[in-house]
Amino acid sequence: MNAVLAIAVKDIRLLLRDRMGFFFSFFFPLLIAVFFGVVFRGGGGGGAGSGIPVAVVDLDNTAESAAFAGRLGAASELEVTAGLTREGAEEAVRIGRLRGAVVLLPGFGEARRRPFWGEPMRIELLVDPSRAALASMLEGVVTRHAFEGLSEMFADPAKMRGQVRESMDLMRRDGSLPRTMRPAFELFFNALDSMLETVEANGDADAATAGAARAGGWQPVRVSTRAVTARPSGLPTNSFALTFPQGVIWGMMGCALGFAVTMVMERTRGTLVRLRVAPLSRAHVLAGKAVGCFVVTTSVAVLLMVIARVAFGVQPTSVPVLAAAIACSSACFVGIMMLLAAVSRTEAAGNGLGWGVLLLLAMIGGGMVPLEFMPGFIKTLSVVSPIRWSLLALEGGVFRGFSFGQMAAPCAVLLGIGGAAFALGARLFRVD
Amino acid sequence: MLRLSNLRKRFGQVVALDDLSLHIPRGCIFGLLGPNGAGKTTTISIAVGLLAPDSGAVDLDGLGTPARAQVRARVGVAPQAVALYDDLTARENLDFFARLYEMPRAARRERADALLARVGLSDRADDRVKGYSGGMKRRLNLAAALLHDPPLVLLDEPTAGVDPQSRNAILDMARSLRDEGRTVMYTTHYMEEAQRLCDRVAIIDRGRVLAEGTVEQLVGTLGGSSVVTIQTDEGDTRIETADPVGELGRRLAAPGVRGVRVERPDLEAVFLHLTGRSLRD
Ligand SMILES: Nc1ncnc2c1ncn2[C@@H]1O[C@H](COP(=O)(O)OP(=O)(O)OP(=O)(O)O)[C@@H](O)[C@H]1O
Ligand SMILES: [Mg+2]
């Protein structure tokens, strides 16, 4: 066992010291992920750091609701898609194109014109129930903007006085206000009006704003949240969630190739003789290689996903599912590595053949251009490419929201291909 | 110590070993001398279990075949082609190979330090092998064969393509290994080397043992005559004789002798005698 580990550790060290190997197993994949992530950012919905992608749906269609929608559109926390119907927005949330939707319900404009009584402005949020943090954050953002809009009104005493008079008019006409309360409101509005008159004259708007905001008790906006369960499918909203799994694939390919080449080198450089002279079995040697390769591919994958999370805001839908995807993909690439090493006589042959085969598999498997953008026959052909299954599994954990059950198929295919390649490679690998 | 019995090995049409039998006694340096393609490396490979013979048997110390790992662990090999990792340092190379023998960490470190000192690489121990000279690589290649303290050491052309300084270091090393009580099997196609170093020599060609014995025995029985050359004013006279000392005594009495040269037969002559070819071809 110690010997198996020794071989694994030695190979990892060799790979790290080989600048080209390191480049292809780590930097190149990272570059791919970042570069295409930036390229796709425009097309694929919201990107990292540019706000939560939400729809704003205006069911009220008044000047006030349009103005509020405009405020949200300008908000830095949000990246707003406007012009959708309520159903359209709901669907967008469901397929994961948008994280949520803000619906301004009918009556919004009227409620905004008389903020002090009657029905408050009603806003409905459509958010996936699994995103509790998102829901409360969205609620906070919307509420704040609602209040900021109001305080702007207060901040302009002239506008506010107009508002107060309009409110008094409305109150007088409104039958819903209890008769006994009318004198109190009359009094209040008159006092407010004269106060604003003084403020207007002194230009001291801030005091009035503060006073009004702390008036307390009233609730000018009521935000309700409705759950819309996101059916995980389609493209992620963060383009990096799409490109980092691809980066992981490239990293795994680079690692598998690097390992295949070190294995061929054991033969061409004669060190295999020492391994064989030592009291080890052939199985020990192959196991050492396999363990080393597995550790390296897994580490590269984890490292890339950590970078994706920390620097590019890619939040996997399920970390355990993603871990399973990484493990199964690594296992598959270990098998591919073994087969490549077995059929390559020289390092150059290993590199040439390896890149040739892997690029082909990557091309038809969606590792270069997402399969969504590929013609139909490539999609069909892609089932033979382990890259496709690996990508599907990784995406399943990153943004497709796969359950372990849904992961079973791609993982089984990956382990099957990997196992078959490993068995064949181990059989074919010539030690002399 | 090591007994090879009736080994046969073919590679396709090429017969590499043709009924080769050898017994390497304990505690000696045993030279396997032969031209390119004679079957030296093939013999070593079979002796350590890297290759299976088509027929014949190998027995190490009465323990049986080196195809078994425990038997093999008693053998150290320095392959003809330097077998090291270029991107590891000398120390890392040795540490890795020692781990293959399940040596504990402290023992590995101690052993590596001792061997690095012994082959004169202590001051370069933490440099990558990539930057080593050919001679330095050879010395490290030899050190790597000794990590697990094997009683039998197989050195396959350990001085191929090295400078005189490294060559002397390697020959000294081989002697000291014998003096420690190890058995050394040493292949070479340099007959001077075999003559200087080896206690016993087997001359092989085309997979067969042509002769085997101590250097004196071989030269004495198979080397033929010595050649005495007498230089006089009239020219040189070449005399083949089995008794060069007596011949010199008689000739030096004659007048006009300006110089003499005596050529004793050597392993080269033995090989020439046995095959009709020169070893250097
Ligand atoms: N793996 C192999 N495949 C085919 N032929 C081989 C193989 N190994 C050795 N031979 C052949 O067997 C014969 C003996 O080779 P071997 O390497 O044992 O010679 P050697 O005495 O070590 O020569 P050298 O002094 O060049 O190292 C040669 O004719 C060689 O071509
Ligand atoms: Mg040889």
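These numbers were taken from a predicted model, which means no experiment stands behind them. In what follows, chains are A, B, ... by sequence order, proteins preceding strands, each numbered from 1. Both backbone and side-chain heavy atoms feed into the values below; hydrogens, waters and symmetry mates do not.
A/Phe27 CZ: 12 or fewer foreign heavy atoms inside a 6.0 Å radius. The 12-atom threshold is exceeded at CD of B/Gln70, counting heavy atoms of other residues, nucleotides or ligands nearer than 6.0 Å. More than 12 heavy atoms of other residues, nucleotides or ligands shown are found within 6.0 angstrom of CZ on A/Arg282. Surrounding CD of B/Glu180 are more than 12 heavy atoms belonging to other residues, nucleotides or ligands, all under 6.0 Å away. When the shell of 6.0 Å around CZ of B/Arg118 is examined, it contains more than 12 heavy atoms from other residues, nucleotides or ligands.
Contacts of B/Asp86 with chain A are made by side-chain atoms alone, with heavy-atom separations under 4.5 Å and no backbone atom involved. Using a 4.5 Å cut-off between heavy atoms, B/Phe97 touches chain A through its side chain atoms alone. Residue B/Val77 touches chain A through both its backbone and its side chain, counting heavy-atom pairs closer than 4.5 Å. Contact of B/Val82 with chain A is made through the backbone alone, with heavy-atom distances under 4.5 Å. Residue contact with chain B, scored on non-hydrogen atoms closer than 4.5 Å, involves the backbone and the side chain of A/Arg269 alike. Proximity to chain A (any heavy atom under 4.5 Å) is restricted, for B/Arg128, to the side chain, taken from C-beta onward.
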Q. Passes side-chain contact (heavy atoms from CB on, under 4.5 Å), B/Val75 versus A/Val277? Steps please.
A. CA-CA 8 Å; B/Val75 189; A/Val277 168; 5.6 Å; no
**Q.** Check against side-chain contact (heavy atoms from CB on, under 4.5 Å), B/Leu88 and A/Arg17
**A.** CA-CA 9 Å; B/Leu88 298 184; A/Arg17 288 193 183 167; 3.8 Å; yes
Q: Kindly indicate, with the supporting measurements, whether the criterion side-chain contact (heavy atoms from CB on, under 4.5 Å) is fulfilled by B/Leu100 and A/His284.
A: CA-CA 10 Å; B/Leu100 299 180; A/His284 280 116; over 6 Å; no
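Between B/Asp87 and A/Arg13 the shortest side-chain heavy-atom distance does not fall below 4.5 Å. Counting heavy atoms from C-beta on, the side chains of B/Asn141 and A/Arg274 come closer than 4.5 Å.
Between B/Arg72 atom CZ and A/Arg276 atom CZ the span is 8.0 Å, to the nearest 0.5 Å. We find the CZ-CG distance between B/Phe96 and A/Leu14 to be 8.5 Å, quoted to the nearest 0.5 Å.
When the options A/Val273, A/Thr271, A/Leu272 are evaluated for a side-chain contact (heavy atoms from CB on, under 4.5 Å) with B/Pro79, the one that passes is A/Val273.
Here A/Asn2 is the residue among A/Leu275, A/Leu280, A/Asn2 with the most heavy-atom pairs under 4.5 Å with chain B. Among the candidates A/Ser281, A/Pro279, A/Ala3, the residue making the largest number of heavy-atom pairs closer than 4.5 Å to chain B is A/Pro279.
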